[in-house]
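Values below: all heavy atoms of this structure, side chains included; hydrogens, waters and symmetry mates excluded. Starting from 1, each residue takes its place in the sequence as its number.
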Amino acid sequence: MAKTILVLLDACRYDTGTENAGYLEHLIDYGKGAKYRVRGELPSMSRPMYETSLTGLPSSVHGITHNQVVRPSAFPNVFSLCRQQGLVTAAAAYQWMSELYSRPGRFDPLRDRWEFLRETYRPDFLLFHSMNVDYWGHQKGSASPEYTQAVATVMEQISLLLPRWQADGWQVVITADHGMNAMGMHGGPTADQRTIPLYIFSPRARAGRFEEKEISQLNLAPLLCRLLELPPAQGMLTELQIHFAENGVTT
């Protein structure tokens, strides 16, 4: 069983995410998961980092260099690699994900929801993509109570869902695409705009805190491939900066 959920918290800064993830931090304290500090790629914008996260390629290679580059992904990505192996995929996500990885123009906001997709279609790879943190960051800035409350709310929702997912045999990866600065902007190279958290809950990943050194966001796509037991696509990192259990899967 290699079913995997990726939770992508749009614009969730490393520090604010950590400060409001009480249950996730509890699990890391008790050796029940792994925690990393990720240095996001550039530009620290949504659509480019969606593509980087799911292809393992930098923006100068995959060509999604700005939010206004609207076209399907031109490279192998976690969704297409799953489909090549006969696996089922699903996403409850912002419509830009559909434009990149599904049939353009076919996004259905009434159909594409979190637990409905998981329980109805039982996909092998499921993306849950939350936009509320990004919304309040743009409205009020990352130093605002509204931004912090949005992070706290989604972390509370995850704390309710995570035990249920784990009991049902799912591996779970929780991260972000980019951060947010106090002015309500992102896209540049500062730490508040690009440093993001990464939590991994899987028997294949070695448990512990590995936050002393930032790792590249390019690790995410090959990590997902490894958890899903998929061969990584050409161009993905082969030497991961992520620790796997001794009895974990091989690549």
Side-chain angles (χ1 to χ4, degrees), residues 6-26 28 35-54 58-59 64-70 91-100 107 109 112-114 127-162 173-199 209 211-220:
L6 170 62
V7 179
L8 191 65
L9 304 178
D10 209 288
C12 183
R13 292 169 49 140
Y14 173 84
D15 51 0
T16 311
T18 298
E19 291 166 6
N20 291 278
Y23 181 63
L24 301 186
E25 292 292 316
H26 159 76
I28 304 304
K35 169 82 178 296
Y36 291 83
R37 180 163 52 97
V38 173
R39 183 174 177 81
E41 283 284 306
L42 293 172
S44 52
M45 305 177 77
S46 294
R47 200 187 298 257
M49 291 306 97
Y50 300 162
E51 182 74 334
T52 288
S53 295
L54 291 162
S59 59
I64 306 294
T65 59
H66 192 273
N67 284 341
Q68 303 309 312
V69 179
V70 182
Y94 188 51
Q95 66 188 56
W96 289 0
M97 292 291 188
S98 179
E99 292 167 353
L100 280 166
F107 174 74
D112 299 337
R113 292 292 181 257
W114 286 39
L127 168 65
F128 287 154
H129 174 218
S130 171
M131 288 292 293
N132 206 37
V133 173
D134 184 77
Y135 172 82
W136 282 110
H138 284 305
Q139 295 296 311
K140 299 290 186 177
S142 63
S144 68
E146 290 86 354
Y147 177 85
T148 301
Q149 184 59 56
V151 174
T153 297
V154 75
M155 290 300 185
E156 181 178 347
Q157 292 170 343
I158 290 171
S159 72
L160 294 173
L161 289 166
L162 181 58
V173 176
I174 302 166
T175 189
D177 53 344
H178 54 74
M180 180 74 67
N181 69 20
M183 298 297 293
M185 302 292 290
H186 57 82
T190 59
D192 50 0
Q193 296 177 81
R194 70 186 300 188
T195 308
I196 53 177
L198 172 64
Y199 295 92
R209 291 191 177 276
E211 304 162 81
E212 67 282 354
K213 180 180 178 181
E214 288 183 337
I215 66 170
S216 170
Q217 193 173 18
L218 299 178
N219 282 273
L220 181 59

Heavy-atom check, side chain of Leu162 versus side chain of Val7, under 4.5 Å: no
Any Tyr199 side-chain heavy atom under 4.5 Å of Ile28 side chain: yes
Glu51 side, atom CD; Met97 side, atom CE - distance, nearest 0.5 Å: 10.0 Å
Any donor-acceptor N/O pair, Thr148 side chain to Ser144 backbone, under 3.5 Å: yes
Contacts of type ring pair (Phe, Tyr, Trp, His ring centres under 6.0 Å), residue Tyr50, not counting sequence neighbours: His129
Nearest-0.5 Å distance that lies between atom CG in Leu100 and atom CG in Leu54: 8.5 Å
Gly187 backbone acceptor or donor facing Gln193 side chain under 3.5 Å: yes
Contacts of type side-chain contact (heavy atoms from CB on, under 4.5 Å), residue Ser53, not counting sequence neighbours: Gln217, Leu220
Heavy atoms from other residues, nucleotides or ligands near CE of Met131 exceed 12 (cutoff 6.0 Å): yes
Separation of Leu198 CG from Tyr36 OH (nearest 0.5 Å): 8.0 Å
Atom pair CD1/OG of Ile196 and Ser44 - distance to nearest 0.5 Å: 10.0 Å
Check: Val133 and Asp10 side chains under 4.5 Å, non-hydrogen atoms: no
Flag, side chain of Ser159 to backbone of Glu156, donor-acceptor distance under 3.5 Å: yes
Partner set under side-chain contact (heavy atoms from CB on, under 4.5 Å) for Gln149, not counting sequence neighbours: Ala152, Thr153
Minimal non-hydrogen separation, Pro189 against Arg194, with atom names: O-CD, 3.1 Å
Ring pair (Phe, Tyr, Trp, His ring centres under 6.0 Å) partners for Tyr135, two or more places apart: none
Those residues that, when tested against Thr18, pass side chain to side chain donor-acceptor pair (under 3.5 Å) (two or more places apart): Lys35
Which atom of Pro48 lies closest to which atom of Thr65, heavy atoms considered: CG-C, 3.8 Å
Side chain to side chain donor-acceptor pair (under 3.5 Å) partners of Ser216, counting only residues at least two apart: none
Minimum side-chain heavy-atom gap Ser59-Leu42 below 4.5 Å: no
Contacts of type salt bridge (charged side-chain N to carboxylate O under 4.0 Å, His left out), residue Glu214, not counting sequence neighbours: Arg37, Arg39
Asp177 side chain vs Ala11 backbone, donor-acceptor pair below 3.5 Å: yes
All side chain to side chain donor-acceptor pair (under 3.5 Å) counterparts of His66, not counting sequence neighbours: none
Donor-acceptor contact present, side-chain Thr175 to main-chain Leu8, <3.5 Å: no
Check: Thr190/Asp192 side-chain N/O donor and acceptor closer than 3.5 Å: yes
Ala182: side-chain contact (heavy atoms from CB on, under 4.5 Å) partners, not counting sequence neighbours: Ser142, Ala143
Distance-minimising heavy-atom pair for Tyr147 and Gly141: CB-O, 3.4 Å
Counterpart residues, side chain to side chain donor-acceptor pair (under 3.5 Å), relative to Asn219 (two or more places apart): Gln241
Pairing residues for Glu19 by the side-chain contact (heavy atoms from CB on, under 4.5 Å) criterion, not counting sequence neighbours: Asp15
Pairwise distance CG(Asn67) to CE(Met45) - rounded to 0.5 angstrom: 4.0 Å
Pair listing, ring-ring contact (aromatic ring centres under 6.0 Å, His included) test, anchored in residues 177-196, at least two apart: His138-His186, His178-His186
Side chain proximity check, Ile158 to Phe128, heavy atoms < 4.5 angstrom: no
From CA spacing to verdict: side chain to side chain contact (heavy atoms under 4.5 Å, CB included), Ile174, Leu24: CA-CA 10 Å; Ile174 302 166; Leu24 301 186; 3.9 Å; yes
